[in-house]
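Report on one structure; see the data block that follows.
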Amino acid sequence: MSKVDLKEIAKQEEELTGGHRLCSGCGASIIVRQVMRATEDPVVVGIATGCLEVSTTIYPYTAWKGSFIHNAFENVAATISGAESAFRSLKRQGKLEGDTKFLAIGGDGGTYDIGFQSLSGALERGHDMVYLCYDNGAYMNTGIQRSSATPRNASTSTSPDGEVIPGKQQFKKELTDIVAAHNIPYVAQASPHNFRDLIKKARKAFEVEGPAFLNVLAQCPRGWRHPEGEGLDILRAATDTCFWPLFEVENGEWKLNYIPREKAPITDWLKPQGRFKHLFKDKNKYLIDEIQEHVDQRWETLLHRTGEK
Amino acid sequence: MSNQVALTGNEAIANAMRQINPDVVAAYPITPQTEIVQIFSQFVADGEVDTDFVTVESEHSAMSASVGASASGARAMTATAANGLALMWEILYIAASTRLPIVMPVVNRALSGPINIHCDHSDSMGARDSGWIQLYAENAQEAYDNTIQAFKIGEHEDVKLPVMVNMDGFIISHAVENFNILADEDVQEFIGEYNPEHTLLDAENPITVGPIDLQDYYFEHKRQQSEAVKHAKKVVAEVAEEYNELTGRGFSYFEEYKLDDAEVGIVALGSTTGTAKAAVDNLRDEGIKAGLLKLRLYRPFPAEEITEALSNLKVLAVLDRAETFSDTGGPVFADIRSALYNADSEIEAVNYIYGLGGRDTQVDEIEAVYKDLQDILESGEVEERVQYLGVRE
Ligand SMILES: Cc1ncc(C[n+]2csc(CCOP(=O)(O)OP(=O)(O)O)c2C)c(N)n1
């Protein structure tokens, strides 16, 4: 990987400009701006339908400096495969010169759920592209419905906390692991509160030949129900509690990028978010224990897989 | 220069694709289109084309990748049939409204359910309002000719629309036919270089494709799309004329077969028009003034030209190889009747739905249709407006 000089990177021009209509405090735009600083080549950006897309390209305006395409909700990976194939074909025929990067972006709905087939197909075919999932843990654009990335017991508009069912019943799908099972050159999980780590990972993702995948946790003040200014602190709690481990899989080699000196209790992650509020009622306390147990198990698995234990 | 060859319809289309040499092909196999993908992948494996062949995991991704490739300035093709086309549905509309000149052969097959692999037009007829230009063929020669003309139509600066080249499954796709194939250089010269004005890969002039388009602009963009479809009609005729100069073959919107002095006539599209020609010949021998209008261009619909060509008829049957389940007949019938209404026509028009799921339609059955029309002509009475031909009731 080439050297990441944060001072230099900070001077780079913004690829996603201000004036877009994302909510204040939204994680998606922060992530995109960090990731796009990791390359100086022109980037063709594709986005799945979702908050980021509808808020940054409201005709006749666009917040994108470079080339941008939105096709539909479930097909950004296939769409960018087509663009990348066009590039390869035209370059081979001598009709194009220079280097171009291809970045497909989807929310967790567009990636874990409806776009999963398209993603898996594109990864298997080996297109030279980066897929970035900004995982805010629900279908935020349509009003906070649960996805397979929604954490267990989160209250969403289709998995509400009720008299008999305390929010979402399933644990989050481990998509990063599933993507790693495609044996692509680079896979990583990251979070924008640790921008040095995220930018490094994005740099690696752009530099490898073939597909790379970044799964990045994105706060959503409306969906997670927290004050706008607290997003990055909550993301930090996600990594300190080991709810969202930062790791990477480089050519099959698993590596943890952050091991907290002392694992914080899961309540540090749950407590500041309104979507978990019901868990703190007396009758639901056992659910917090179950979540803690699940997180501990997952962390153990990762420690072993990465050779830390 | 051209060459006589004996090939199946699928081989004809695969060879047309080889001669076009598209930059990107993204396709997924489905009976009866499968051979096209297989033959073309051999061309790729043998280095006979410059194409980047994207072996997608579904037709939805085939059309999605075609959109990505076409927006990047590539000549992009795919091919499909039936359920594959249905799976593409959402993206068909996006391809057309994004004004991307993708070309897609569709090997017509009955749409499930029940599942069936044989010919009818329920697949492409369902896509008739998606904004794609639709061409139909009687035989492999026409399917080949339509494929060669498709990019020139779709890429025209006044059009910029995707083109669907339809060919009847099995009946044409799997039957060996003698036909003329152009020399590779002539195809290249005919279709020319493609240099679109805006592409995703032009880093100096970046564009935003597919933004959200709300109450304040969506309607105008749809209106522009309608205008492009209007232009397409003119361009289809121009390209057909140019192709005719090169090959001596073809016609723009439809072929008129013994229609000039006909009293009873049929409008149809696809391979059954060949059968209908045999029926017309037989009836002419019996002194019945029968004629046929074979549609090539179905979208946009050349309504005025059709009614003009039919104007001498007294009674007309429209043959539809698809149902609309509207209880008012098939899709072509609806278009023809509304065209006749606009033309203040007095022609009595009836509808026959035939050949669903690959049910064979024979010369004598079409002759029987003409006999029905003769009865209407004599009695002035229409007993049943919409009938089903060759079905067990
Ligand atoms: C085929 C299809 N189904 C449903 C929708 C409606 N829809 C649009 S965006 C969206 C949710 C997006 O969620 P996610 O991918 O998590 O991104 P976010 O909005 O949270 O950023 C849904 C359900 C759609 N556009 N297309």
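Chain naming here is simple, since letters A, B, ... match the order of the sequence lines and numbering starts at 1 in each.
- Only the side chain of B/Ile94 comes within contact range of chain A, judged by heavy atoms closer than 4.5 Å.
- Considering CG of A/Asn71 and CE of B/Met63, their distance stands at 10.0 Å, rounded to 0.5 Å.
- Ranking A/Ile80, A/Thr57, A/Thr100 against chain B, the residue ahead of the rest is A/Thr57, based on heavy-atom pairs under 4.5 Å.
- Contact annotation: the side chain of A/Glu124 never approaches that of B/Glu57 to less than 4.5 Å [non-hydrogen atoms, C-beta and beyond].
- Counting heavy-atom neighbours within 6.0 Å of A/Glu97 CD, excluding the residue itself, gives a total of 12 or less.
- Within a 6.0 Å radius of CD in A/Glu40, other residues, nucleotides and ligands contribute 12 heavy atoms or fewer.
- For the options A/Ser81, A/Gly66, A/Ser55, A/Gly46, heavy-atom pairs under 4.5 Å to chain B are most numerous at A/Gly66.
- For the set B/Val56, B/Ile212, B/Leu201, the count of heavy-atom pairs under 4.5 angstrom toward chain A peaks at B/Ile212.
- Looking only at heavy-atom pairs under 4.5 Å with chain B, the residue among A/Pro42, A/Gly121, A/Ser85 that has the most is A/Ser85.
- The part of A/Lys95 that comes within reach of chain B is its side chain, from C-beta onward, which places non-hydrogen atoms under 4.5 angstrom from that chain.
- More than 12 heavy atoms of other residues, nucleotides or ligands shown are found within 6.0 angstrom of CZ on A/Arg88.
- Smallest separation of non-hydrogen atoms from B/Leu200 and A/Phe68: CD2-O, 3.5 Å.
- A/His70 contributes no side-chain N or O that, together with a main-chain N or O of B/Pro211, makes up a donor-acceptor pair within less than 3.5 Å.
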Practice task
Show your reasoning for whether side chain to side chain donor-acceptor pair (under 3.5 Å) applies to A/Ser89 and B/Asp52.
Solution key: CA-CA 5 Å; A/Ser89 175; B/Asp52 203 274; 5.7 Å; no
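- Chosen from B/Ala62, B/Gly68, B/Ser66, the residue pairing most often with chain A at heavy-atom distances under 4.5 Å is B/Gly68.
- Remark: side-chain polar atoms of A/Arg92 are paired, donor with acceptor, to backbone N or O of B/Asp50 under 3.5 angstrom.
- In this structure, the separation between CD on B/Glu90 and CZ on A/Phe73 is 10.0 Å, given to the nearest 0.5 Å.
- Put simply, OG1 on B/Thr55 and CZ on A/Arg125 are 6.5 Å apart, with the number rounded to the nearest 0.5 Å.
- Contacts with chain B were tallied for A/Pro60, A/Gly98, A/Ala77; A/Pro60 has the most, counting heavy-atom pairs under 4.5 Å.
- Around CD of A/Gln12, the count of heavy atoms belonging to other residues, nucleotides or ligands within 6.0 Å exceeds 12.
- Using a 4.5 Å cut-off between heavy atoms, B/Thr208 touches chain A through backbone and side chain atoms alike.
- Atom NZ of B/Lys230 is surrounded by 12 or fewer heavy atoms from other residues, nucleotides or ligands within 6.0 Å.
- Using a 4.5 Å cut-off between heavy atoms, B/Thr51 contacts chain A through its backbone alone, with no side-chain atom that close.
- Of the atoms belonging to A/Ile58, heavy atoms from both backbone and side chain fall under 4.5 Å from chain B.
- Annotation: maximal heavy-atom pairing with chain B below 4.5 Å, among A/Ala72, A/Gly82, A/Ala122, occurs at A/Gly82.
- Interface residue A/Val54: backbone and side-chain heavy atoms are both found under 4.5 Å from chain B.
- Counting heavy-atom pairs closer than 4.5 Å to chain A, the top-ranked of the candidates B/Ala95, B/Ala203, B/Ala69 is B/Ala69.
- Note on B/Val24, B/Asp202, B/Leu214, B/Ile207: by heavy-atom pairs under 4.5 Å with chain A, the leading option is B/Ile207.
- Both the backbone and the side chain of A/Ile69 come within less than 4.5 Å of a heavy atom in chain B.
- When heavy atoms are compared at a cutoff of 4.5 Å, B/Ala71 approaches chain A solely by way of its side chain, counted from C-beta outward.
- Interface residue A/Gln117: backbone and side-chain heavy atoms are both found under 4.5 Å from chain B.
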